[in-house]
Amino acid sequence: MGQKRMLTVPGRYEKIKRICDFVSEGAREAGFGEDGIFQVQLACDEACTNIIEHTYGGEDGGDITVTWNVGEETFTVVIEDNGEPFDPKDIPPPPVPPELKEEHDLQVGGLGVFFMRKLMDKVSFAYEEGSGNILTMSKRIPEEVNS
C-alpha cells in the first residue's frame, strides 16, 4: 500500500469526469469493489460540483487539486480549491420532505455535503489563509484487502 497521486485541473464541469476517473484508479488500487468505487466517485463529483458552483461562482474561477492516498486501513481523498471560504455549518439541512410521495417531490440541490458524509466514513473541511479550502474524505479499505 502507500500509493499517493495528485491531479490538478481547471475548475470546469467538463473536468469532473477526469477527477472521478482519477479517484477511481486510486480506489481500485486500494481494493474497493465497484460499489465502493462508485461511492468515492459520487462523493468527489458532489464536492467538485460544489466547488465550481459555490466557491468559484462558476467555471473558470480557479483550479481544483485532488490528491488520493492509499493507507494501510483507509483510502483518503483531499480536494483543494482557492475559492471563497467554505464552512459546512452554513449549509442548511437537506431539503428532504418527511414523506416523499413522488420522485419529483425531492428538490434538486442542497444534498452534496449530505451525500459526501453518507458515502464516505470521514469528511472534514478546513480553510487555510493563502491556501484555500481543503476537503478531506476517507473510507475504510475493505477488510478482505487487509487480510
Side-chain angles (χ1 to χ4, degrees), residues 1-98 100 103-142 145:
M1 300 274 168
Q3 300 103 331
K4 184 176 182 177
R5 304 281 187 280
M6 183 168 64
L7 171 72
T8 300
V9 298
R12 300 188 56 77
Y13 294 112
E14 67 195 33
K15 299 296 182 183
I16 293 175
K17 181 180 181 330
R18 174 67 187 110
I19 292 169
C20 290
D21 290 345
F22 173 73
V23 296
S24 294
E25 294 167 18
R28 193 167 280 109
E29 283 189 37
F32 287 97
E34 292 306 311
D35 285 347
I37 291 169
F38 176 75
Q39 291 170 0
V40 171
Q41 281 181 321
L42 184 55
C44 289
D45 185 296
E46 290 291 340
C48 293
T49 299
N50 283 349
I51 289 168
I52 295 166
E53 286 181 15
H54 302 294
T55 65
Y56 286 147
E59 294 187 306
D60 299 322
D63 290 338
I64 298 173
T65 299
V66 182
T67 305
W68 58 255
N69 181 44
V70 179
E72 289 202 22
E73 296 181 4
T74 59
F75 175 69
T76 304
V77 177
V78 178
I79 302 176
E80 300 176 61
D81 68 78
N82 57 2
E84 292 295 315
F86 172 77
D87 186 347
K89 290 180 252 132
D90 295 338
I91 305 295
V96 180
L100 289 178
E103 199 174 281
H104 63 272
D105 287 344
L106 185 59
Q107 297 175 1
V108 174
L111 294 172
V113 173
F114 173 79
F115 281 137
M116 286 182 256
R117 288 185 169 140
K118 290 295 181 189
L119 297 167
M120 303 296 283
D121 294 317
K122 185 175 180 188
V123 177
S124 64
F125 297 88
Y127 178 79
E128 292 182 10
E129 196 65 44
S131 296
N133 295 296
I134 302 167
L135 166 64
T136 305
M137 302 185 290
S138 61
K139 193 166 187 64
R140 283 183 297 284
I141 293 174
V145 175

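- Distance check: Cys48 SG to Ile16 CD1 gives 6.0 Å after rounding to the nearest 0.5 Å.
- Counting only heavy atoms from C-beta outward, the side chains of Phe32 and Gln39 never approach each other to under 4.5 Å.
- Here the shortest heavy-atom pairing between Ile37 and Ala27 reads CG1-CB, 3.9 Å.
- In terms of modelled atom types and a separation under 3.5 Å, the side chain of Glu59 and the main chain of Tyr13 share a donor-acceptor contact.
- Remark: Lys15 pairs with no residue by the side chain to side chain donor-acceptor pair (under 3.5 Å) rule, at least two apart or across chains.
- Around atom CZ of Arg12, more than 12 heavy atoms belonging to other residues, nucleotides or ligands sit under 6.0 Å away.
- Applying the side chain to side chain donor-acceptor pair (under 3.5 Å) test to Thr76 and every residue at least two apart in sequence or in another chain returns nothing.
- The closest donor-acceptor contact from the side chain of Trp68 to the backbone of Phe22 lies under 3.5 Å.
- Within the 4.5 Å cutoff, side-chain heavy atoms of Cys44 are placed close to those of Val77.
- Enclosure of atom CZ in Phe38 is not indicated, since only 12 or fewer non-hydrogen atoms of other residues, nucleotides or ligands lie within 6.0 angstrom.
- Considering CD of Glu25 and CG of Leu7, their distance stands at 9.0 Å, rounded to 0.5 Å.
- The shortest distance between side-chain heavy atoms of Val23 and Val66 falls below 4.5 Å.
- Contacts of Arg117 classified as salt bridge (Lys or Arg N to Asp or Glu O under 4.0 Å), with partners at least two apart in sequence or in another chain: none.
- Side-chain contact between Val78 and Asn69 is absent, with no heavy atoms from C-beta onward closer than 4.5 Å.
- Rounding to the nearest 0.5 Å gives a distance of 6.0 Å between CG of Leu135 and CE of Met116.
- For Ala30 against Phe75, the heavy-atom pair with the smallest separation is CB-CD1, 4.0 Å.
- Between the side chain of Asp63 and the backbone N or O of Thr8, no donor-acceptor pair lies under 3.5 Å.
- What you find for Arg140 and Asp121 is that their closest heavy atoms are N-OD2, 2.6 Å.
- Remark: of the listed residues Asn82, Thr55, Asp81, Asn50, Asp81 is the sole one forming a side chain to side chain donor-acceptor pair (under 3.5 Å) with Asn133.
- We find that Glu34 and Arg28 are joined by a salt bridge, their nearest charged nitrogen and carboxylate oxygen being less than 4.0 Å apart.
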